[in-house]
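To find a chain, count down the sequence lines: A is the first, B the second, and so on, and within it residues start at 1.
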Amino acid sequence: MDIKYNPEAIELKWQKYWEKNKTFKAEKDTNKKKYYLLEMFPYPSGKIHIGHIRNYAIGDVVARYKRMRGYNVMHPMGWDAFGMPAENAAIENNTHPAKWTYSNIEAMRSQLKRVGFSYDWNREFATCSPAYYKWEQLLFLKMFKAKMAYRKESYVNWCQKCQTVLANEQVESGACWRCKEIVSQKKLNQWFFSITDYADELLDCCDKLPGWPPKVTLMQKNWIGKSIGASIKFFLEDNTKQNYIEVFTTRQDTVFGATFMCLAPEHPLVEKLSQGTERQKAVKEFVEKTIKLNRTDKEFEKQEKEGVFTGKYCINPFTQKKMPIYTANFALMEYGTGAVMSVPAHDQRDFDFAKKYNLEIIVVIQPQDEKLNPLTMTQAYTDEGILINSGEFNGIKNTDAMEAIADKLKKDGSGDKKVNFRLRDWGISRQRYWGAPIPIIYCKKCGIVPVPEKDLPVLLPEDIEIGKKEGSPLQSAANFKKTKCPQCKSEDACRETDTMDTFVESSWYFERYCSPNYQKSIIEKEENNYWMPVDQYIGGVEHAVLHLLYSRYFTRVLNKFGFVNHKEPFTNLLTQGMVCKETHKCAKCGFLFPEQVKPEKQNKKCAICGGEVKTGRVEKMSKSKKNVIEPSELISEYGADTTRLFCLFAAPPERDLEWSKTGVEGSFRFINRVFRIVYTNINTIASASPYTDTPDKLSGEIKKLYKKTHVTIARVTNDIENRFHFNTAISAVMELINELYLIDDNTNTKKDPNLPKVLKFAIQTAILLLSPIVPHVCEELWLVLGHKNGITNAQWPEYRKDALTKDQVEIAAQVNGKIRSKFLSEPDIEDEKLKEIALSDERVLKFINNKPIKKIIVVKNKLVNIVI
RNA sequence: GCCCGGGUGGCGGAACUGGUAGACGCAAGGGACUUAAAAUCCCUCAGCUCAUAGUGGCUGUACGAGUUCAAUUCUCGUCCUGGGCACCA
């Protein structure tokens, strides 16, 4: 055989063919069942990396599979194109962010095309284009008018290096998620989206997303953080009966044990209470010291719980006791009301604090088996028990008193039931240039004025200087900033210079894909109703809370304004694992590239300094760890099909994938095996029509092969359709191919007149089953097999039920649960018959050794277990 | 600290509802073809063990118990590991 597998020639040929024939163009067709498949769109950083390829390969298998199943598949791709790297690159290379971004998009688009993903490129857009962000601005205006977008002054996480505000979600253990700089606190006027209005709904609907991994919905639930409890007012001991501190607690059952109060250092009362007292100086010092160390700071985690007395008292509404008011470093202004009622007997943190400052401890919950003594207690008692020292509630189980105490609070006017969320409103202001401008004008006379809808989009000015001055570049862009007030026409007005968080763009891009070129509004409703919601969404688990929660929120906002009819954007979600590779580290030179490692007899040496090299952990590929694989190199060496195959074969999608050079070679070998099995048999099968009849008319090896082919169809279909376990789908086809090679060698079966037909069916089926995974080579082989219309829209093979049954099954014969013998039998034979065979088996009898049989368990077609 | 995962050969991973552990691939070793190499093909491949070399015996899915005729699978405890949240009142 002269024909050699040449991946590059085959792949370029079919990519051209698909493009020419518009094979993947998706159009609304109400007669067909739609399937909207989406992978998280990339940030155009410049290069596609292997993690993208894995993500998109997974998606492409599903898209191509569904197409073959007759679905009208929409599989779009685009660019999450706003963001900081463009600005950073602009500063470094003295280019404009737009230029940098668009040239990156060019490069990455051609890379993606070279992998042969079945995208409908007609729907492509970049979120940085005015045609896209215009609609985002419109939505902002609608939200502003509905009071869902509002401005408030607040402390924000500030990254000094990136010169920007970060959302809480973008702060990872005290550091900027992008540049790892330690985050500090800054007070600024910010725009917020009121996501908390939907906290309850977003939480409840987590349970209505059966197609999502429970892990992700659990993370969202924790993030939203709903707590049910009560708000309680503690009046100050100032005889006015007007000033009070309000707290939120989940333990109103312990209110009789509240002996002191802790306020967050930022709490407005802290300064007021201590003013003019001898405590003023101490309080001020403490507050200043504590605020400096913000809560996300690394130091903050380690610091001891401490506080200072403000000099004033408040009154416990139930006991009328005086409670000293402290300000404490563990009280958080952002949670609840910034004030904590402290119950030292039943909260460990309060207990430690009370011990430290010698504060009163009152036991109000008595456990069943022991008697708590505040003087001898060594830790707080946080379990259930019976209330004591609690007036009219004495003797009631604490959990039962929750409701009653909340009711009494309400009756007395000193509180109420209350639900509190950890989730806070979404701060979207960014002091950056490369983002969507917030369409707001500040007028000296009229105040905050929204840009009229007819004036949209508010364009990002192109003639700006980046990195020359402190702060946001838009602030120094006079042409942009200076404007007329749309209401009073006064010249004394300026534009908002902050831009929107880039998570805003990615919160609705999946909606825009349905009508990407629609000019009249944000969304063309009929298209949207047809395509949405996304049937399958695929992306990294790192977006479990950020992007996915915002998207759920935005979908509700769009729904509220009547733009869309659905509330949840993604019916099914698959979160794929990272791509990892081993690292090499030299004590002196740090991380090394694989080519910098010299293998020697015993251990590896560093090519730079000659020092010992340690093979480090398998870690996520990253430039800094020097363990990155370049997809383009891989594709030019082995081809796109091999690259795809390996990404899918090495691990199931949800798990991390460990890169292996030899594994890639194995994948390449397999494609070659497939390629060869077609060509070596082509003369035999070329003119044969595939056998599709019942297996009973066949015999011997041919029958076995025919049945194996149907079993393979069943396995692959199940693995793709129900489990996304492409690794086992591939191994099933590998088994079939292995079997085909055995037939090829077997001269006896070569005389069977049914051979060409069955062989054709088997080979053709293998090609069809592989086609979503390695589409190019399959298109080529499909053509070789004589099909002129392309494999992309060929029908997915169906299996025959009568071909799944086995002619013979192997039965394990066990004695006391241990396998002592195996025998072949007809399938589905009577239990009694199986027992009989097992009991006549020599090896089994040897182990029974004439002992009495207690019982015999028979599992049909599987085993016989004799218990003695 | 709290909440989720995960732990299976030299390696990546199979085993779908408790029913024959190790599919498929990689690596390794041996062999065939070849002047040679590459490519390809075939065989072996969890560990220990045996006067019987066999469809032999024993052990084995992180560790220890338990439920069961039967446990990688279910329950409890321990260890390790990955992730999320982290003074949340």
Side-chain angles (χ1 to χ4, degrees), chain A residues 4 173 213-216 218-223 225-227 229 247-251 254 258 262 264 295-296 300-301 303-305 328-332 334-343 347-350 352-353 420-422 541-542 544-545 577-578 618 646 649-652 654-667 669-670 672-673 676 715 718-719 722-723 725 727-735 737-738 741 745 809-823 841-843 846 854-868:
Chain A
K4 221 185 139 198
S173 55
K215 180 186 157 179
V216 173
L218 186 71
M219 277 164 76
Q220 296 210 347
K221 283 181 193 173
N222 291 339
W223 189 263
K226 184 177 183 174
S227 302
V247 304
F248 170 75
T249 180
T250 54
R251 293 299 307 271
T254 63
C262 289
R295 65 178 202 93
T296 46
F300 191 89
E301 289 170 32
Q303 83 180 340
E304 210 180 315
K305 288 158 200 34
N329 60 357
F330 60 79
L332 307 171
E334 312 88 73
Y335 188 79
T337 61
V340 186
M341 84 174 193
S342 294
V343 186
D347 180 287
Q348 191 56 42
R349 190 185 52 199
D350 296 345
D352 296 340
F353 197 85
N420 195 60
F421 292 95
R422 205 189 75 104
V541 73
E542 65 272 21
V545 267
M578 301 180 297
V618 174
F646 177 74
F649 179 63
E654 67 278 6
R655 251 202 253 190
D656 285 351
L657 184 150
E658 196 182 323
W659 197 259
S660 146
K661 171 89 178 164
T662 54
V664 176
E665 277 161 9
S667 295
R669 267 203 291 274
F670 173 66
N672 273 284
R673 268 169 81 77
R676 263 183 289 118
R715 281 174 65 187
N718 179 44
D719 284 345
N722 303 323
R723 310 201 306 160
H725 277 205
N727 56 332
T728 51
I730 293 163
S731 56
V733 184
M734 282 174 168
E735 283 182 44
I737 297 290
N738 288 347
Y741 270 86
D745 291 344
V809 287
E810 195 187 27
I811 306 288
Q814 301 182 325
V815 178
N816 279 352
K818 286 191 180 180
I819 293 162
R820 296 307 181 183
S821 182
K822 291 173 185 178
F823 58 88
D841 189 296
E842 258 177 66
R843 284 179 292 273
K846 203 175 104 193
K854 284 189 192 147
K855 64 171 156 176
I856 303 176
I857 288 127
V858 181
V859 180
K860 232 182 192 40
N861 295 332
K862 293 245 158 101
L863 59 82
V864 179
N865 188 11
I866 298 154
V867 187
I868 55 169

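Residue A/Lys846 has no polar side-chain atom (N or O) positioned under 4.0 Å from OP1 or OP2 of B/G57. Distances shorter than 4.0 Å separate none of the side-chain N or O atoms of A/Arg676 from OP1 or OP2 on B/A39. Listed pair A/Arg422 / B/A86 meets the phosphate criterion, a side-chain N or O lying under 4.0 Å from OP1 or OP2. Residue A/Lys862 has no polar side-chain atom (N or O) positioned under 4.0 Å from OP1 or OP2 of B/U20. Considering only side-chain N and O atoms, A/Arg673 lies nowhere under 4.0 angstrom from the phosphate OP1 or OP2 of B/G25. A close approach under 4.0 Å does occur between a side-chain nitrogen or oxygen of A/Asn738 and OP1 or OP2 of B/G25. The phosphate of B/C88 (OP1 or OP2) has a side-chain N or O of A/Arg349 nearer than 4.0 angstrom. Residue A/Asn727 places at least one side-chain N or O under 4.0 Å from the OP1 or OP2 atom of B/A14. Side-chain N/O atoms of A/Ser227 include one lying less than 4.0 angstrom from OP1 or OP2 on B/A89.
Taking a pair to require two hydrogen-bonding distances under 3.5 Å in either a Watson-Crick or a G-U wobble arrangement, B/G5 pairs with B/U81. Pairing for B/U52 is absent, with no Watson-Crick or G-U wobble pair whose two atom distances lie under 3.5 Å. In a base pair of the Watson-Crick type (N1 to N3 plus N6-O4 or O6-N4) or a G-U wobble (N1-O2 and O6-N3), with each distance short of 3.5 Å, B/C58 is matched with B/G47. Pair check for B/A89 finds none; no Watson-Crick or G-U wobble contact set falls under 3.5 Å. Remark: B/A32 base-pairs with B/U40; criterion is Watson-Crick or G-U wobble with both hydrogen-bond distances under 3.5 Å. B/C74: Watson-Crick or G-U partner is B/G66, with both key distances under 3.5 Å. Using Watson-Crick or G-U wobble geometry with both donor-acceptor distances under 3.5 Å, B/C26 finds its partner in B/G10.
Atom P of nucleotide B/C88 and atom CG of A/Asn420 are separated by 13 Å, given to the nearest angstrom. A/Glu735 places its CD atom 12 Å from the P atom of B/A15, with the value rounded to the nearest Å. Computed from coordinates, the A/Met219 CE to B/C3 P distance equals 16 Å when rounded to whole Å. Atom P of nucleotide B/U55 and atom CG of A/Leu863 are separated by 22 Å, given to the nearest angstrom. At whole-Å resolution of the value, NZ in A/Lys854 and C1' in B/A70 are 14 Å apart. What separates CZ of A/Phe649 from C1' of B/A14 is a distance of 10 Å, to the nearest Å. Across the protein-nucleic acid pair, A/Arg669 atom CZ and B/U40 atom P stand 6 Å apart, rounded to whole Å. Computed from coordinates, the A/Arg715 CZ to B/A15 P distance equals 9 Å when rounded to whole Å.
The side chain of A/Ser731 sits closest to B/A23 out of B/A23, B/G13, B/C4. Listed nucleotides B/C16, B/A14, B/C69 differ in distance to A/Ile857; the shortest reach to its side chain belongs to B/C69. Which of B/U55, B/U20, B/G12 sits closest to the side chain of A/Ala650 comes down to B/G12. When distances run from any side-chain atom of A/Glu658 to the nucleotides B/U20, B/U59, B/G12, the shortest one goes to B/G12. Side-chain atoms of A/Tyr335 lie closest to B/A89 of the nucleotides B/A27, B/U55, B/A89. Checking B/G13, B/C69, B/U20 against the side-chain heavy atoms of A/Ala651 singles out B/G13 as nearest.
Taken from CD1 in A/Ile737 to CD1 in A/Ile730, the straight-line distance is 12.5 Å, to the nearest 0.5 Å. Between the CD atom in A/Glu654 and the CZ atom in A/Arg723 there is a gap of 9.5 Å [rounded to 0.5 Å].
A distance-only check finds a donor-acceptor pair linking the side chain of A/Asn865 to the backbone of A/Gly817 [under 3.5 Å].
Looking at which nucleotide of RNA chain B each of A/Arg723 and A/Ala331 is closest to, the 5′-most match is held by A/Arg723. When each of A/Val859 and A/Pro652 is assigned the nucleotide of RNA chain B bearing its nearest heavy atom, the one mapping closer to the 5' terminus is A/Pro652.
Anti is the classification of B/G57, since its glycosidic angle lies more than 90° from 0.
Between the side chain of A/Lys855 and the base of B/C69, no donor-acceptor pair under 3.5 Å is found.
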Determine, step by step, whether A/Met734 and A/Phe670 satisfy the side-chain contact (heavy atoms from CB on, under 4.5 Å) criterion, reporting the C-alpha distance in whole Å, the side-chain angles of both residues, the deciding distance to 0.1 Å, and the verdict.
CA-CA 8 Å; A/Met734 282 174 168; A/Phe670 173 66; 3.4 Å; yes
For a side-chain contact (heavy atoms from CB on, under 4.5 Å) check, start with the C-alpha distance between A/Asn738 and A/Arg673, then their side-chain angles and the critical distance, and finish with the verdict.
CA-CA 9 Å; A/Asn738 288 347; A/Arg673 268 169 81 77; 2.7 Å; yes
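For the pair A/Arg422 and A/Tyr335, the cation does not sit on the ring face, since its NZ or CZ is not both under 6.0 Å from the ring centre and inside 45° of the axis.
Annotation: B/G60 and B/G54 have their P atoms spaced 26 Å apart (nearest Å). Taking the P atom of each, B/C74 and B/G7 are spaced 11 Å apart, rounded to whole Å. With P as the reference atom, B/G31 and B/A36 are 14 Å apart, rounded to whole Å. Only the P atoms considered, B/C43 is 31 Å distant from B/A51, to the nearest whole Å. Rounded to the nearest Å, the gap between the C1' atom of B/G22 and that of B/G13 is 10 Å. Using atom P as the reference point in both B/U73 and B/G19, the two lie 11 Å apart (nearest Å). Spacing between B/C87 and B/G82 at atom P, rounded to whole Å, works out to 22 Å. Between B/A15 and B/A46, the distance separating the two C1' atoms is 16 Å to the nearest Å.
Between A/Phe353 and A/Phe330, the ring centre distance stays below 6.0 Å.
Looking at heavy-atom distances under 4.0 Å, A/Gly225 makes no contact with the nucleic acid at all. Within 4.0 Å (heavy atoms only), A/Val340 reaches at least one base atom of the nucleic acid. Residue contacts shown for A/Glu810 include a base, since a base heavy atom lies under 4.0 Å away.
More than 12 heavy atoms of other residues, nucleotides or ligands sit less than 6.0 Å from atom NZ of A/Lys860.
Within the 4.5 Å cutoff, the side chain of A/Ile811 has heavy atoms near those of the A/Val864 side chain.
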